[in-house]
Amino acid sequence: MSVGCCIAFPDWAYKPESSPGSRQIQLWHFILELLQKEEYQGVIAWQGDYGEFVIKDPDEVARLWGLRKCKPHMNYDKLSRALRYYYNKRILHKTKGKRFTYKFNFSKVVLVNYPLLDMASSPQKLEELTCSVIITALLPVFND
DNA sequence: GTCGGAAAAG
DNA sequence: CTTTTCCGAC
């Protein structure tokens, strides 16, 4: 567990500059990025349970991802394989039965000394937080 | 559609 | 190490 300025998050969410995988944007980070922007709600959006999101337009998400990584031949088949590698890493898991739906493991994300809410001692409080609050808190840490 | 092995790229 | 590419199996 690593500690940031205002929040503490698991090591899977922490990628220092020197870390091998940090040189290029991580897929799950990119997903979080799209999820945060309203203009992509027709392409990918939060839906269902806490941390759950649905890819409404798989081809478009793949196109956007390919654009970011300069991989013109990216498609949902390949993007989804990358997402499946996250299962064992406990970053994501599949919401079975729901098409194009995955779920972030925010249960491993613990916020401490949050400016407005005191949830460090109450796991229930974390569940009450909206995903957008979590993302808004996490993204500044990951961005340059 | 989803899964996960295998090989390979960076 | 993460992700890309390819693909057989269900």
Side-chain angles (χ1 to χ4, degrees), chain A residues 1-115 117 119-120 123-144:
Chain A
M1 186 70 80
S2 307
V3 180
C5 58
C6 300
I7 57 175
F9 42 93
D11 290 329
W12 63 260
Y14 182 63
K15 297 294 178 184
E17 315 300 322
S18 56
S19 181
S22 68
R23 210 158 273 286
Q24 281 214 296
I25 186 171
Q26 310 277 109
L27 177 55
W28 65 270
H29 186 171
F30 177 74
I31 296 294
L32 251 37
E33 205 176 287
L34 293 184
L35 247 16
Q36 202 206 190
K37 300 179 179 180
E38 296 85 20
E39 62 253 50
Y40 294 115
Q41 281 185 4
V43 173
I44 184 173
W46 297 114
Q47 196 171 92
D49 294 339
Y50 179 78
E52 208 171 275
F53 65 94
V54 55
I55 298 175
K56 299 177 180 177
D57 189 339
D59 294 334
E60 180 62 4
V61 172
R63 192 186 68 80
L64 259 22
W65 176 234
L67 225 53
R68 179 68 68 89
K69 288 287 292 290
C70 297
K71 294 290 179 182
H73 305 301
M74 180 52 59
N75 57 39
Y76 180 69
D77 178 62
K78 287 182 282 194
L79 184 153
S80 62
R81 181 67 187 95
L83 290 179
R84 288 195 289 278
Y85 270 129
Y86 287 153
Y87 297 170
N88 284 337
K89 294 172 152 186
R90 301 203 307 162
I91 293 176
L92 284 179
H93 65 78
K94 190 75 180 66
T95 299
K96 291 170 182 172
K98 290 186 180 179
R99 213 154 156 250
F100 307 129
T101 303
Y102 300 82
K103 185 174 177 179
F104 271 100
N105 278 348
F106 283 137
S107 60
K108 290 296 171 186
V109 178
V110 179
L111 304 182
V112 294
N113 298 326
Y114 195 79
L117 300 172
M119 67 209 70
Q124 271 74 37
K125 289 279 182 60
L126 182 60
E127 291 300 316
E128 292 171 11
L129 277 182
T130 64
C131 294
S132 60
V133 171
I134 297 287
I135 303 311
T136 301
L138 289 176
L139 283 182
V141 179
F142 300 143
N143 287 326
D144 296 331

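Bear in mind the structure is a predicted one, so any value in this text is a computation, not a measurement. Hydrogens, waters and symmetry mates play no part in the numbers below; they use all other heavy atoms, side chains included. Numbered from 1 within each chain, the chains take letters A, B, ... in sequence-line order.
- We find that CG of A:L92 is positioned 15 Å from C1' of B:dC3, with the value rounded to whole Å.
- Put simply, A:K69 has no side-chain N or O that comes within less than 4.0 Å of OP1 or OP2 on C:dT3.
- Between A:F104 and A:W28, the ring-plane angle classifies as perpendicular under the 30° and 60° cut-offs.
- Across all their heavy atoms, A:K56 and A:G42 have their closest contact at CB-O, 3.5 Å.
- Of the residues listed (A:H93, A:K98, A:K103), the one engaging A:E52 in a side chain to side chain donor-acceptor pair (under 3.5 Å) is A:K98, and it is the only one.
- Of the possible polar contacts, one joining the A:T101 side chain to the A:R99 backbone as a donor-acceptor pair under 3.5 Å is found.
- Listed by first and then second residue, the side chain to side chain donor-acceptor pair (under 3.5 Å) pairs involving residues 64-74 of chain A are A:E33-A:R68 (not counting sequence neighbours).
- Note: CD (A:Q24) to P (C:dT2) measures 14 Å, nearest angstrom.
- Residues of residues 76-88 of chain A having a heavy atom closer than 4.0 Å to DNA chain C, listed by number: A:D77, A:K78, A:R81, A:A82, A:Y85, A:Y86.
- One can place NE2 of A:H93 at 16 Å from C1' of B:dT2, the figure rounded to the nearest angstrom.
- The six-membered or imidazole ring of A:Y102 lies away from that of A:Y86, with a centre-to-centre distance of 6.0 Å or more.
- Side-chain nitrogen and oxygen atoms of A:K71 include none within less than 4.0 Å of the OP1 or OP2 phosphate oxygen of C:dT3.
- With rounding to whole Å, A:Q26 atom CD is found 14 Å from C:dT4 atom C1'.
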> Can A:L35 and A:W46 be said to form a side-chain contact (heavy atoms from CB on, under 4.5 Å), step by step?
Replying inline: CA-CA 7 Å; A:L35 247 16; A:W46 297 114; 3.7 Å; yes
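- One atom, OH of A:Y102, and another, P of B:dG1, lie 10 Å apart when rounded to the nearest Å.
- For A:N75 and C:dT5, the CG to C1' distance is 9 Å, given to the nearest whole Å.
- Between C:dT4 and A:W65, a contact under 4.0 Å exists linking OP1 or OP2 to a side-chain N or O.
- Rounded to whole Å, atom P of C:dC1 lies 21 Å from atom CD1 of A:I25.
- Using a 4.0 Å cut-off, no side-chain N or O of A:K94 falls inside it from OP1 or OP2 of B:dC3.
- The nearest whole Å value for the distance from the NE2 atom in A:H73 to the P atom in C:dC6 is 9 Å.
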